[in-house]
Amino acid sequence: MSAASSPFPSIVVTGGTIGSIIVGCKLQVLHGQPPEYRKAEILSMRPAPSVDDPNRCEYYVHYSDYNKRLDEWVAPERLNLHGEIEYPKVKKAKAVLAGIGKETGKGSEPGTPGGRVSKNNRKSQLSKAATTGKGADSAAAPGTSGSNKRKASAMEEGSSSQEKTAIGVTPSIQVNGEDEDEDEDMNGENDSVIGGQEENGEVFSKEQEIEKLRTSGSMTQNPHEVARVKNLNLIQIGKHEVETWYFSPYPVEYAHLPILYICEFCLSYFPAVKQLSRHRLKCTLQHPPGNEIYRKDDISFFEIDGRKQKVYCRNLCLLSKLFLDHKTLYYDVDPFLFYVMTMRDEDGAHFIGYFSKEKESTEQYNVACILTMPQYQRMGFGRLLIQFSYELSKVEKRLGSPEKPLSDLGLLSYRAFWSEIIVQMLIEQQKTGIELSIDDIANRTAFQPQDVLHTLQNLNALKYYHGQYVIVLSDTVIKNAERAFKKKKREIDPKALIWKPIHFTATQLRFL
Amino acid sequence: MKNVGARFRNRKINNKQLLRVYRAVDIPDLDESVSLQRSIPQTETGVDKEEEAEHHLQAAISASNLLTTTGEAKSLYIPTPDASRKIENYRDFYNRPFSEPSTLIRFSSTVEDCIGCPYNMDDEDDKWLKEFNEKRAADEEKLDEDHFELIMWQFEKITNERVPYLQLDSGQIPSFEDLKATFTGPQLLGLKNIAASVYPWWQERRSKRGGKVITPQLKFEEVVRNEADPYLCFRRRESKPVRKTRRTDQQSIEKLRKLRMEMESARSLLEMVSKREKVRKESLVLEHTIFDQRCKVREYKRSLGIREDDEDIQKKKNRREASATIRIPHNLLADRESTSSQEDGRKDRSSHSNIESELAKRREDDVGWEDLTDNPYQQFTVPYPQQFFKILPQQRNGKYMSFRKRVGRGGRIHIDRQFTRPRNMFKDSHGYYDNLKDLFLQYDGINAFDKYRFDDDSYDQDDLIDDLRDSMIRYRCTLLSETDLRSLSTSTRHHFISIGHPGHTQ
């Protein structure tokens, strides 16, 4: 969320202490190789005590104008505390700053030095999941409480026992007052969390306000907030160790594990090596559990029905959610077919990527989600997946398009594929001298007409000449195409596809 | 396209419009500025609006634009987190050789079928198991990992089945005695004893989890509707709303179609009626002129002194006769009846007169009295064989006439008559009309039958309910033999006894 999208004015302070860093504020953070400062927003904090400083924290940051997949936990040393720090809202920031001074001065919370308190002062800031298992942090807030109702709805079941014992400490009157505030917060999104409180806040005394902020801070878990912070860092799948990109709803107990171990054949997940090795002794799968519908060289495609292979497809979705931001796992996998691409060696058919496809698409989508596993990216497998999806559409005698929104990587891959195919075809067509329409291109390629048009525009090929539109292939376009054509790369061989479209009856589709 | 008015308007290009493909070198006279003026609105990328402006995406897009315009190859990738590391000990986990089948793989087993015992022991279990095995005496059997997992899974499975909401009340955790009974089957039976030692460990672990399954599970079910918990996934999709439109629409369309058809047929029917009436009017006019002409002819004949018999007038008379009722001589009827059942008839007649006199006597007694009771008198059922048409012995024009007596309301007696032509009676399926037609033809040279055939609306009904048609009756006759018919007939004598006797005793 950038500052521009916030409806509330922000305040900019130059310089600050590590204690003044709160969730929602923006400052320069050292990033990249070679390291340079880039503006970033703090999304979450978690304690990372060091020998020198038991109150040391790590900060989860989102770099402005970068994709979320580059969000990361950074050490406090990487924050530029001497530069500008942008707070989301004037009053809020002041209140927080004031609160810090007060509480540190009073030392009102034994065992909770001031530097830490500021974090608790903010609501919705500490990811519950992040603090789970680190009892020291939650113990710092004796007022961590709320009604049971809220607890049930806002907290994960697996939250630490300290919080449960803390119920009822806060006077009930205050709890009631908070409830109203928090409802607002739940409705408003991240940015408005700060604003919603202000009007009420003025009625309270400073102490009350601080108490309110503190007590509600660890309790309110705006679900979107939780999902903004990725819950896993690293997975081990097959022989690869892959850093994750986004949040995925693996069981909350596994959140923030150092490594999640995934069996590369059945895609089951384990929190520790012991369980993986035990599982591997028993697991007999060596390829995706479906019918092989394509085999050429070492590449195979397996077709898997979400309804029949629930566990596998759920595992697959959880895994791919780690790398797909816009994928939703809200509903079950029944209405989808999954086409899994594998590469075969002496150990089995290794999962490279997949795409899912609705059994019945109302909007002519031929792909719902599509992913090449990160360890196989930039090797031409994405192109292979895309090509295969259009081969299926050709068999179905339908035009298809990927479901929107596309990710940045998805857009680039599709654009590259579309232009390659279309340019090849246009070069041939140019030799014949026969005119053709956008629909003609669409029908030959199984691309949707709007994708064809999109590609022609990107190629800068649509021109107006002698009173009518024409397609003009520039020299560079032709040169690039010839160069790409010579490059040896993997191709889908339509003859190796042994497949008939599955037709589902209305009743089969109804009970999905 | 040469429309001047729409010169510079951005308009969508028609997908069906034929476009010629050129190489840029072939058309050096291409004016880029015109193309710019005529540029087509940019299609959307399909990327989320918020993300479209992202730094790396924009960089990559401009790099690819550069490639198409100037040919400057500046390969630019969007940076992604690291995925390049590989583990050293892959073989520790994956060591089953894979033999590739020569044909495409067909596979329908599920993951559950392929992963063996779903419980995977973790480090805690491992530690406990090692200690447990160490503590066991040398002569005692050690518990291996597979069996340990089997036992743990059995505990878990049975508990999940029996107490699915254990996490709400951990006090309900099943005791070993409860679980022991489920250790049946070849695999588990032998583990029953050792399971007793595993149970406390399992119970401890399960209690630590607050009664939840030891291996963390995905969250499927919503506690609150539309809960926005990000860990909640794979909800059951609400079953799609039934598309009621289809069936109900189908039904009402069917109804409307039927209604329309009926209305149309009613309209055409009325049209035809009006047409018929018009035609009839014409025919009456014609008949009238014919009559006038005849009159004239007769007058001419008279005035000219021609003496011939007047066929024309004769014919008219004949037709009138045809439409009149045919009188059947009464004595014939009586004869017929008496010959058919002489003995019965005689007896009947005597008993009949008996009753008649009885009734007459009664009426005399009742003079001056009003009978408010239900009239006890009932018509006697005509014996079944007598309900059939009877054929008269006389033959007229090669046809037999048959008749039948019916008793209608209020004792009215109807005589139905019919001409029968035994030869081809079964051949025509529309025997009824043919018979009538014959009737008309018999008396009239012109086809009066056809002319008036549909005049009478009651014909329709007759047609529908006429199961007394000759052919039908004949057919029915064949269903029952003579003896059957006899046994079917109600003997009138029995009626007399049953009805008459109480009357006598009064």
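Chain A is the first sequence line, chain B the second, and so forth, proteins listed ahead of strands; every chain is numbered from 1.
- Judged by distance alone, the side chains of Thr43(B) and Gln457(A) do bring a donor and an acceptor atom under 3.5 Å apart.
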Set out, in order, the CA-CA distance, both residues' side-chain angles and the distance that settles side chain to side chain contact (heavy atoms under 4.5 Å, CB included) for His240(A) and Ile87(B), then state yes or no.
CA-CA 6 Å; His240(A) 302 277; Ile87(B) 58 164; over 6 Å; no
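- Residues from residues 143-154 of chain B that place a non-hydrogen atom less than 4.5 Å from a non-hydrogen atom of chain A comprise Glu145(B), Asp146(B), Glu149(B), given in numerical order.
- Looking at Asp325(A), the atoms closer than 4.5 Å to chain B (heavy atoms on both sides) all sit in the side chain, from C-beta outward.
- A cation-pi contact, defined as under 6.0 Å to the ring centre and within 45° of the axis, is absent between Arg344(A) and Phe98(B).
- The two atoms that bring Ser407(A) and Val47(B) nearest to each other are O-CG2, 3.9 Å, heavy atoms only.
- The contact between Glu264(A) and chain B is made by backbone and side chain atoms together, counting heavy-atom distances below 4.5 Å.
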Set out, in order, the CA-CA distance, both residues' side-chain angles and the distance that settles side chain to side chain contact (heavy atoms under 4.5 Å, CB included) for Thr476(A) and Leu67(B), then state yes or no.
CA-CA 8 Å; Thr476(A) 44; Leu67(B) 188 70; over 6 Å; no
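- Between chain A and the residues Asn15(B), Asn14(B), Ile115(B), Thr68(B), the most heavy-atom pairs under 4.5 angstrom are made by Asn15(B).
- Identified under the ring pair (Phe, Tyr, Trp, His ring centres under 6.0 Å) test for residues 43-67 of chain B, with sequence neighbours left out: Tyr66(A)-His55(B), Tyr66(A)-His56(B).
- The contact between Leu281(A) and chain B is made entirely by backbone atoms, counting heavy-atom distances below 4.5 Å.
- Here Glu44(B) does not pair with Lys404(A) in a salt bridge; the nearest charged N to carboxylate O distance is not below 4.0 Å.
- Using a cutoff of 4.0 Å between basic side-chain nitrogens and carboxylate oxygens, Arg96(B) and Glu346(A) are not scored as salt-bridged.
- Between chain A and the residues Cys117(B), Cys233(B), Cys114(B), Gly116(B), the most heavy-atom pairs under 4.5 angstrom are made by Cys114(B).
- Counting heavy atoms from C-beta on, the side chains of Phe234(B) and Cys317(A) come closer than 4.5 Å.
- With a 6.0 Å radius and a threshold of 12 heavy atoms from other residues, nucleotides or ligands, Lys127(B) has its NZ atom at or below the threshold.
- Heavy atoms of Phe270(A) lying under 4.5 Å from chain B belong exclusively to its side chain.
- Stacking of Arg314(A) on the aromatic ring of Phe220(B) is recorded, both the 6.0 Å distance cut-off and the 45° axial limit being met.
- Summarising the geometry of Val472(A) relative to Arg23(B), their closest heavy-atom pair is CG1-C, 4.4 Å, with the distance given to 0.1 Å.
- There is a side-chain donor-acceptor pair under 3.5 Å between Tyr465(A) and Asp29(B).
- For Thr244(A), the part lying near chain B is the backbone, with the side chain staying farther off; criterion is any non-hydrogen pair under 4.5 Å.
- Lys239(A) and Glu88(B) are not joined by a salt bridge, as no carboxylate oxygen comes within less than 4.0 angstrom of a charged side-chain nitrogen.
- For CZ of Arg106(B), the number of neighbouring non-hydrogen atoms (other residues, nucleotides, ligands) closer than 6.0 Å is 12 at most.
- Ion pairing between Lys274(A) and Asp123(B) fails under the 4.0 Å rule for side-chain N and carboxylate O.
- Atom CD of Gln187(B) is surrounded by 12 or fewer heavy atoms from other residues, nucleotides or ligands within 6.0 Å.
- Rounded to the nearest 0.5 angstrom, Glu435(A) CD and Leu18(B) CG are separated by 5.5 Å.
- At least one test fails for Arg236(B) against the ring of Tyr331(A): distance under 6.0 Å to the centre or angle within 45° of the axis.
- For Tyr254(A) and Tyr231(B), the gap between ring centers reaches or exceeds 6.0 Å.
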